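Remarks on the structure that follows.
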Amino acid sequence: MSEEKVENVVVFGSGPAGLTAALYAARANLEPLVYEGVEPGGQLMTTTEVENFPGHEDGIMGPDLMDVMKKQVARFGTRFILDECTSVDLSQWPFRYTVSQGSGLAKTIIIATGATARYLGLPNELRLRGHGVSACATCDGFFFRGMEIALVGGGDSAAEEASFLTRFASKVHLLVRRDKLRASRIMQQRVLSNEKISVHWNTELADVLGQNEVEGIRVRDNQTGVETDWTQIKGLFLAIGHKPNSDPFVGQLDHDELGYLLTAADSTATNVPGVFACGDVQDKTFRQAITAAGTGCMSALEAERWLEARGEH
Ligand SMILES: Cc1cc2nc3c(=O)[nH]c(=O)nc-3n(C[C@H](O)[C@H](O)[C@H](O)COP(=O)(O)OP(=O)(O)OC[C@H]3O[C@@H](n4cnc5c(N)ncnc54)[C@H](O)[C@@H]3O)c2cc1C
């Protein structure tokens, strides 16, 4: 009977974090194996223009950036499989992992499964993602210079993003489902004292108007049920949270109360030696392609050093 192959490095995820990890691991002759997951290329596949990834003077479309990143990684012999991790057994080494189509063994695992921004789920909201609807104020605020925009949410992120968006928008309409904000007192004060922010209490998004881009929104007063169209709104932002894609790992790796994987300071090492986590699955603060790529690089370098220290590389 032939012995089961043990991979040096298995990467779960093919967003900026996973692909950068694979790039470094491949150039270190570790022949990484990447499981791409159900969203090959990750979150940037859902957006249009990316203007803040260094090296692209005129900006680049999100899917084009991920395409060129993948080609660069493939050049050094990385293997890609279109499948996703369903569970891992980290109590044994080499580690055992299971994907939908089977299972395998790995000496090191890099988890780069990202996070999923929450949307309300309205058909037109989802259809116009990247065309005026965004879940990333840092990424897309710049495109709405001098325009009126709306932001949905009532927590700290919503308050912070509303303030941030006033740098660009002429007016930010904050739609709050309840009659108060969940945000901390200091953030509330900042929002309520900002003349460019109008807070609309007990107000919910009912629909997004427009064929190819946002041409307005329909809002509902949840006390009276009355719906109104606001056609002056040209951009819609959602700040209702993110869900880290950490389900297959949470039983075995330390995580916070939201499911973000915990890593050591100045490192991407998890609490299990030989398992590393990078990108949005462990970062709820920055959530940018460049920071995801940066931590992906760290994971690969740490995996290489870990293998070397054990005489495995
Ligand atoms: C609308 C939008 C616009 C954005 N615009 C910008 C921008 O302009 N600039 C910027 O810097 N950032 C932007 N971001 C943020 C950026 O996309 C993320 O910070 C970045 O993609 C995170 O990279 P990641 O590799 O950690 O995860 P992701 O990009 O989320 O990729 C996760 C990967 O993991 C895979 N996966 C998930 N579960 C599993 C599993 N169980 N097994 C195997 N694989 C799995 C998925 O298929 C996917 O390939 C934007 C985000 C959104 C939502």
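Indexing begins at 1, ligand by ligand and atom by atom, following the structure's order. Every value quoted in this text rests on a predicted model; they were computed, and no experiment measured them.
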Exercise. Should the proximity of E36 to ligand 1, defined as any heavy atom under 4.0 Å, be assigned to the side chain, the backbone, both, or neither?
Worked result: backbone
Exercise. Is there a donor-acceptor contact under 3.5 Å from the side chain of E125 to the main chain of L120?
Worked result: yes
Exercise. Do we get R167 above F164's six-membered ring, with its NZ or CZ under 6.0 Å from the centre and within 45° of the axis?
Worked result: no
For this session: Could you tell me whether C85 and ligand 1 have an N or O pair separated by under 3.5 Å?
Result: yes
For this session: Look only at interatomic distance and state if D83 has a nitrogen or oxygen under 3.5 Å from any nitrogen or oxygen of ligand 1.
Result: no
For this session: May I ask which of G114, S14, A137, P54 has a heavy atom nearer to atom 27 (O) of ligand 1 than the others do?
Result: G114
For this session: Go through the structure and list residues passing side chain to side chain contact (heavy atoms under 4.5 Å, CB included) with T224, not counting sequence neighbours.
Result: D221, V226
For this session: Under the side-chain contact (heavy atoms from CB on, under 4.5 Å) rule, what do V219 and W230 come out as? Steps first, then yes or no, please.
Result: CA-CA 8 Å; V219 296; W230 295 354; 3.5 Å; yes
Problem set entry | Best match, E51, R287, M66, Q43: closest heavy atom to atom 30 (O) of ligand 1 | Q43
Exercise. Is a donor on one side and an acceptor on the other found under 3.5 Å between the side chain of T47 and the backbone of L44?
Worked result: no
Problem set entry | N or O pair under 3.5 Å between T46 and ligand 1 | no
Problem set entry | Qualifying residues under side chain to side chain donor-acceptor pair (under 3.5 Å), relative to K284, sequence neighbours excluded | D256
Exercise. Do the ring planes of Y97 and Y35 sit parallel (below 30°), tilted (30 to 60°) or perpendicular (above 60°)?
Worked result: perpendicular
For this session: Please say whether E39 places an N or O atom under 3.5 Å from an N or O atom belonging to ligand 1.
Result: yes
For this session: Could you tell me whether ligand 1 has any atom less than 4.0 Å away from a heavy atom of F53?
Result: no
Exercise. When you look for heavy atoms under 4.0 Å from ligand 1, do you find them on the side chain of N52, its backbone, both, or neither?
Worked result: side chain
For this session: Indicate, as side chain, backbone, both or neither, the part of V38 found under 4.0 angstrom from ligand 1 when only non-hydrogen atoms are considered.
Result: backbone
Exercise. Going by distance alone, is a donor N or O of one side chain under 3.5 Å from an acceptor N or O of the other, for T268 and Q282?
Worked result: no
Exercise. Polar-atom distance check: G279 versus ligand 1, any N or O pair below 3.5 Å?
Worked result: no
For this session: Measure from atom 38 (N) of ligand 1 to every heavy atom in T113, T20, T47 and give the option owning the shortest one.
Result: T113
